[in-house]
Amino acid sequence: MATVYLGLGTNLGNKEANLRTAIYKLQERIGKQVSLSSFYETAPWGFESDHSFLNAAIGLETSLSPIEILHITQEIEKELGSYSDRLIDIDILLYDTLVLQTPELTIPHPLMTERDFVMKPLIEIAGNVIHPTREKTLSELYQG
């Protein structure tokens, strides 16, 4: 079994309900929840919007491969509706100590350490996890 850490974000509708629905679907399709961060309200990053985000991080124990997880998260995004304003956005941040770079997926997520909305919730649940390419804990890497 592997532990996969996912970042979740939503900025439309009932944001807390959107996150909780995504969390339920992730547990149902990917694996057992081993950790869940608080929900953090954040400003949009990378595009203009009048809507703030609600972000969280979740750790799941899984027997699925990273590519299988990617396809499942994309299905969930489509089911819940994903636009530039996001009903739900799910990113694979870490998968154990795996380093992976394919045209479809890069692990660890290449921009995760630059994004407060990813790092704050992730550090809450995985601050002592060592980043596989930077060889420091997530807490040590975070500048916020």
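Residue numbers count from 1 along this sequence.
- The side chain to side chain contact (heavy atoms under 4.5 Å, CB included) search around Val4 returns Leu6, Ile30, Leu60, Thr62, Ile69, Ile92, Tyr95, not counting sequence neighbours.
- Checking side-chain atoms of Ser139 against main-chain N and O of Gly127 turns up a donor-acceptor pair under 3.5 Å.
- At a threshold of 4.5 Å between non-hydrogen side-chain atoms, the residues Leu80 and Asn18 do not count as touching.
- A distance of 8.5 Å separates CD1 of Ile76 from CD of Glu28, quoted to the nearest 0.5 Å.
- Hydrophobic clustering, with ILVMFWY side chains joined whenever heavy atoms are under 4.5 angstrom apart, keeps Ile130 apart from Met112.
- Under the rule for a side-chain hydrogen bond (donor to acceptor under 3.5 Å, both in side chains), Glu61 has no partner lying at least two apart in sequence or in another chain.
- Ile23 and Val34 end up in different hydrophobic clusters when Ile, Leu, Val, Met, Phe, Trp and Tyr side chains are linked at under 4.5 Å.
- Contact of the Leu111 side chain with the Asp91 side chain is not registered, since no non-hydrogen atoms from C-beta on lie closer than 4.5 Å.
- Put simply, the side chain of Tyr5 reaches to within 4.5 Å of the side chain of Leu122, judged on heavy atoms.
- If you check the side chains of Thr42 and Asn55, you find a donor sitting under 3.5 Å from an acceptor.
- In this structure, Thr21 has no side-chain hydrogen bond (donor to acceptor under 3.5 Å, both in side chains) partners at least two apart in sequence or on a different chain.
- Note that CD of Glu140 is 10.0 Å distant from CD1 of Ile123, once rounded to the nearest 0.5 Å.
- The side-chain hydrogen bond (donor to acceptor under 3.5 Å, both in side chains) test applied to Thr133 returns His131, not counting sequence neighbours.
- Here the side chains of Val129 and Leu94 are in contact, with some heavy-atom distance below 4.5 Å.
- Residues satisfying the side-chain hydrogen bond (donor to acceptor under 3.5 Å, both in side chains) test with Glu79, not counting sequence neighbours, are Lys25, Arg29.
- Hydrophobic clustering of Ile, Leu, Val, Met, Phe, Trp and Tyr side chains at less than 4.5 Å, counting indirect connections, keeps Tyr24 apart from Leu8.
- Contact annotation: the side chain of Asp116 never approaches that of Met119 to less than 4.5 Å [non-hydrogen atoms, C-beta and beyond].
- Looking at heavy atoms from C-beta onward, Pro66 lies in side-chain contact with Leu105 at the 4.5 angstrom threshold.
- Counting only heavy atoms from C-beta outward, the side chains of Gln27 and Lys32 never approach each other to under 4.5 Å.
- Pairs of residues two or more places apart, or lying in two chains, that qualify as side-chain hydrogen bond (donor to acceptor under 3.5 Å, both in side chains) and include a residue from residues 101-112 are His71-Glu104.
- Sequence neighbours left out, the pairs with a member in residues 10-22 that pass salt bridge (charged side-chain N to carboxylate O under 4.0 Å, His left out) are Glu16-Arg20.
- A search for salt bridge (charged side-chain N to carboxylate O under 4.0 Å, His left out) contacts involving Glu41 returns nothing, not counting sequence neighbours.
- There is a path of hydrophobic side-chain contacts, each under 4.5 Å, that joins Ile72 to Ile107.
- Contact of the Thr10 side chain with the Asp89 side chain is not registered, since no non-hydrogen atoms from C-beta on lie closer than 4.5 Å.
- For Ser37, the side chain to side chain contact (heavy atoms under 4.5 Å, CB included) partners are Tyr40, Ala56, Ala57, Pro121, Glu124, Ile125, not counting sequence neighbours.
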